[in-house]
Novice: 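Dropping a structure here in structure tokens format, bear with me for questions.
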There are 4 protein chains.
Amino acid sequence: MDHQEIFDQAIQGMLDSLKNEQEMTEKQRRILESAIKLFAEKGFHASSTSEIAKDAGVAEGTIFRHFKTKKDLLYALVAPMLIKFASPLVLKDVKRIMGDAEQPADQILEQLLHNRLELINQNWPRMKIIMQEAQFHPEIMDAIVENIAREARLLGENFVQTRMDAGEFRDLPVKAVIRAIVSTALGYIFFQHMFPNEENDRTEEIRTMVDILLNGIKRKNPD
Amino acid sequence: MDHQEIFDQAIQGMLDSLKNEQEMTEKQRRILESAIKLFAEKGFHASSTSEIAKDAGVAEGTIFRHFKTKKDLLYALVAPMLIKFASPLVLKDVKRIMGDAEQPADQILEQLLHNRLELINQNWPRMKIIMQEAQFHPEIMDAIVENIAREARLLGENFVQTRMDAGEFRDLPVKAVIRAIVSTALGYIFFQHMFPNEENDRTEEIRTMVDILLNGIKRKNPD
Amino acid sequence: MDHQEIFDQAIQGMLDSLKNEQEMTEKQRRILESAIKLFAEKGFHASSTSEIAKDAGVAEGTIFRHFKTKKDLLYALVAPMLIKFASPLVLKDVKRIMGDAEQPADQILEQLLHNRLELINQNWPRMKIIMQEAQFHPEIMDAIVENIAREARLLGENFVQTRMDAGEFRDLPVKAVIRAIVSTALGYIFFQHMFPNEENDRTEEIRTMVDILLNGIKRKNPD
Amino acid sequence: MDHQEIFDQAIQGMLDSLKNEQEMTEKQRRILESAIKLFAEKGFHASSTSEIAKDAGVAEGTIFRHFKTKKDLLYALVAPMLIKFASPLVLKDVKRIMGDAEQPADQILEQLLHNRLELINQNWPRMKIIMQEAQFHPEIMDAIVENIAREARLLGENFVQTRMDAGEFRDLPVKAVIRAIVSTALGYIFFQHMFPNEENDRTEEIRTMVDILLNGIKRKNPD
DNA sequence: AATGAATGAGGGTTCATTCAT
DNA sequence: TATGAATGAACCCTCATTCAT
């Protein structure tokens, strides 16, 4: 079985497991939740199926009735996240927001960050697992790139280019600007989980972040 | 053995393994290098000692003659990195650079980023392992926080505050400014390793990054 | 974990494994029997779990499903013996026999020896293992002393003292008398297993042993 | 290699290692002593050569320079004991004592017990090892039986028979009498090492033991 | 003679997975 | 559908032994 096959199969597995997350039985959900908890806490390889079973309160065999393989369990918990980020619905939303040339960039970025960070925070354990395991499971990495990164990049480039053409943004390499934006978001997540104890007012923080970011990017208005 | 003991012991293990990295035997070095390679590629838990042995061209038992435990092997490859980042020598350098109020912030940040990114890039596999495993091995995380993060934070705060007092930087929350700086660096690393194929001129990229960053932070001179 | 904890845990393990020896599954019993056989033949440390598995006709993993640890396997085979010797039921029996001042000492000792030697012989491999390993596993030794030796000693002292007070036994150090009795029993076991081939009529042999023993202990009646 | 060959080779090994115990080098003696200590403490299989080397303060390789095999180390420590017990010199002594029909049995037994118990006590760790390992190493067991037990038995039977013929001992099965004597000795050793803390006056204890023993065996004189 | 690095077989134990119930 | 006993490969690690120095 070559890489492509593995990949296809994995993707298929993800899609299969996807449809139903809503229609899952009680036990399936409990298994999935325990897997999320443990994978996030200790990593995929360091969590054993027996632990998951115990934590979920089911027999070990039950796991394999619902998820053919331990790896399928991983896929089953990764896939919905990818879908959520990639779903046309969501992207249409994003597109609409970003495409609105009338709306000030500040508002757009603030909304965007709020929106995405909220999504990430609400699903933090899953996100952590994805970021961890994407490095070691090319199928997952590929799925991210294919389904999210590529599209997001286009969206971003379009947004930046538009503003640049309109003279709102300075004349900088588009890639650098996008990197600055993404870095801002990633860095925020990083700090949040690295130093989780410090209280913070997210709305205010985002405002400041965007302020710094856009001040760095925008053309200085000569007023 | 409670957590503190484990931690102390781990640190001690790191220090022990440290002194010699230069005076390592051929085999020790080969083992360490294979471990670095495999841990970076597949993760700590997913790499077996037998694989490492095979890759290093030694008997499996030989690993344990030189590194009491698989975890000690991890420590032995983590520790020198932490030391390199934390070494007073390096920090003094950093201190000197950052403390020089005469030097323009641009130059300081460019130098700093260059310097640190170089260090990280030259030791990328190790860095990847550290970032991966710190999440699951509290001793490593603690060592990072105790020996690096804390000091770096103070240094950063001092630098930012000084510039702010001097009116060079805008009046922003210090934490937010530091976060912006760190995010810039982290984001750069992230992009570099997420999309490794794109050619790039690091010096130029850093200049642009610092440009955006400082434009965002600095008070706009009314010229 | 200090010694006491280890001990308590070991005892707990013994008790846990105890309840069920009757309700053991077929495989458990086979494992236990193979362990008994091999430990007795070659010693605890010289018998490997893989050998035991092979002898029992199960997979090696199966052993560890039923007995958390190789040592637990040892406990599981030691504990029932200790219980058998220490069980109040048995001791009450012994007490009754020994406490009956009317019954001649000859009969008491003969019954006692018969009874205990039978017990030991029927469980000889286990007994051999216990005697072997008690020397190296303080928990086992402690369990013996706490649960059997202490009680047995009191019982013995009481018996001897009573007979002495009644003038039936000579005026000798109680400890020496007890030692003589116990030595008789131990020596018999020793000879039996050192030179197993010689046919013997146990009833007759015991009678002779008790004869010699009591002749040595009893006051000579002047008739 | 069949059993006989193993046996012959083992015996040869013992003899080889024997000659020199006096002419051993410092290191050899230290190795042997550490082996004795550790084998007695933890058993043969549970003691590793590396432990022995560390305890003896030599390199691990050094052990194998002097003792071809770990088992040879065992033989080297067992053999001198067997020799000591079996040496014609000693036996001649014993023979002389036991053969002296004039001497009262009490004195003979007291002397004998004193003598042998002293020998055993002075070499207790070795004795413990021999008793332990003889059960698992047929060569050792055979050596004991061939060189000691057989001879001792003859000696004992002769002694008992003589006294019986002379009317000093009651008319009992010779084997039973011998067993009583040996049991007395073994039991004493057992108690001594089972309850080592109680102070004791050996001379007095032996006198009592022999008193009980002979009272049990001797014909009651009608004085 | 003495060392200690190197070996690889084998140790006890855990693992993901299967299957009869 | 759910179970959990059973599996045997693979895990990390220790062992007795060898051998170049």
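Note that the coordinates shown come from a computational prediction; the quantities given were computed from them, not determined experimentally.
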Novice: Output the rounded distance in Å from CD (A/E60) to P (F/dG4).
Specialist: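 Rounded to whole Å, this separation is 11 Å.
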Novice: Rounded to whole angstroms, how far apart are CD1 on D/I52 and P on F/dA16?
Specialist: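 These atoms are roughly 7 Å apart.
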Novice: Checking C/S34 side chain against C/R30 main chain: does a donor-acceptor pair fall under 3.5 Å?
Specialist: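 Checked: pair present.
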Novice: For residues 37-45 of chain A, which side-chain N or O atoms pair as donor and acceptor with protein atoms under 3.5 Å away, sequence neighbours left out?
Specialist:
{"residue": "A/K37", "atom": "NZ", "partner": "A/D55", "partner atom": "OD2", "Å": "2.6"}
{"residue": "A/K42", "atom": "NZ", "partner": "A/E51", "partner atom": "OE1", "Å": "3.3"}
{"residue": "A/K42", "atom": "NZ", "partner": "A/E51", "partner atom": "OE2", "Å": "2.4"}

Novice: Considering only heavy atoms of chain B and a distance under 4.0 Å, specify the first and last nucleotide of DNA chain E in 5' to 3' order that meet this criterion.
Specialist: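 That gives a stretch of E/dA5 to E/dG8.
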Novice: Less than 4.0 angstrom between a side-chain N/O of A/H66 and OP1 or OP2 of F/dA2, yes or no?
Specialist: yes
Novice: Would you kindly give the CG-to-P distance between D/L38 and F/dC15, to the nearest whole Å?
Specialist: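 That distance rounds to 12 Å.
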Novice: With a 3.5 angstrom cut-off on both distances, give the Watson-Crick or G-U wobble partner of F/dT21, or none if there isn't one.
Specialist: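 The base-pairing partner of F/dT21, which may sit in any strand shown, is E/dA2.
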Novice: Applying a 3.5 Å limit to both distances, which nucleotide forms a Watson-Crick or G-U wobble pair with E/dT7?
Specialist: F/dA16
Novice: For side chain to side chain contact (heavy atoms under 4.5 Å, CB included), just list the numbers for A/Y75 and A/T69, CA-CA rounded to whole Å, side-chain angles, deciding distance to a tenth of an Å, and then say yes or no.
Specialist: CA-CA 10 Å; A/Y75 293 153; A/T69 280; over 6 Å; no
Novice: Scan A/S48 against the nucleic acid and name what it touches under 4.0 Å (heavy atoms): base, sugar-phosphate only, or nothing.
Specialist: sugar-phosphate
Novice: Hey, does the side chain of B/R126 reach the backbone of B/L77 with a donor-acceptor pair shorter than 3.5 angstrom?
Specialist: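 At least one qualifying donor-acceptor pair exists.
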Novice: Any chance the side chains of C/T49 and C/E60 put a donor and an acceptor closer than 3.5 Å?
Specialist: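 A donor-acceptor contact under 3.5 Å links the two side chains.
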Novice: Nearest 0.5 Å, please: how far is CD1 in B/I31 from CZ in B/F64?
Specialist: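 Atom-to-atom, B/F64:CZ and B/I31:CD1 are 9.5 Å apart.
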Novice: Measure the distance from CG on B/D72 to C1' on F/dT14 and round it to the nearest whole Å.
Specialist: 15 Å
Novice: Which residue lies toward the 5' end of DNA chain E, B/T62 or C/K68, if each is placed at its nearest nucleotide?
Specialist: B/T62
Novice: Could you state the CZ-C1' distance from A/F64 to F/dA2, rounded to the nearest angstrom?
Specialist: 14 Å
Novice: For the pair D/K70 (side chain) and D/S47 (backbone), establish whether a donor and an acceptor sit closer than 3.5 Å, ignoring hydrogens and angles.
Specialist: yes
Novice: Which whole-number value in Å describes the distance from C/I31 CD1 to F/dT7 C1'?
Specialist: 12 Å
Novice: Name the residue closer to the 5' end of DNA chain E, choosing between B/G61 and D/T25 according to the nucleotide with the nearest heavy atom.
Specialist: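 Looking at DNA chain E, the more 5' nearest nucleotide goes with D/T25.
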Novice: Rounded to whole angstroms, how far apart are NZ on A/K54 and P on F/dT3?
Specialist: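 That distance rounds to 15 Å.
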Novice: Measure CZ/C/R65 against C1'/F/dG4 and give the value in whole Å, please.
Specialist: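 One finds 6 Å between C1' of F/dG4 and CZ of C/R65, rounded.
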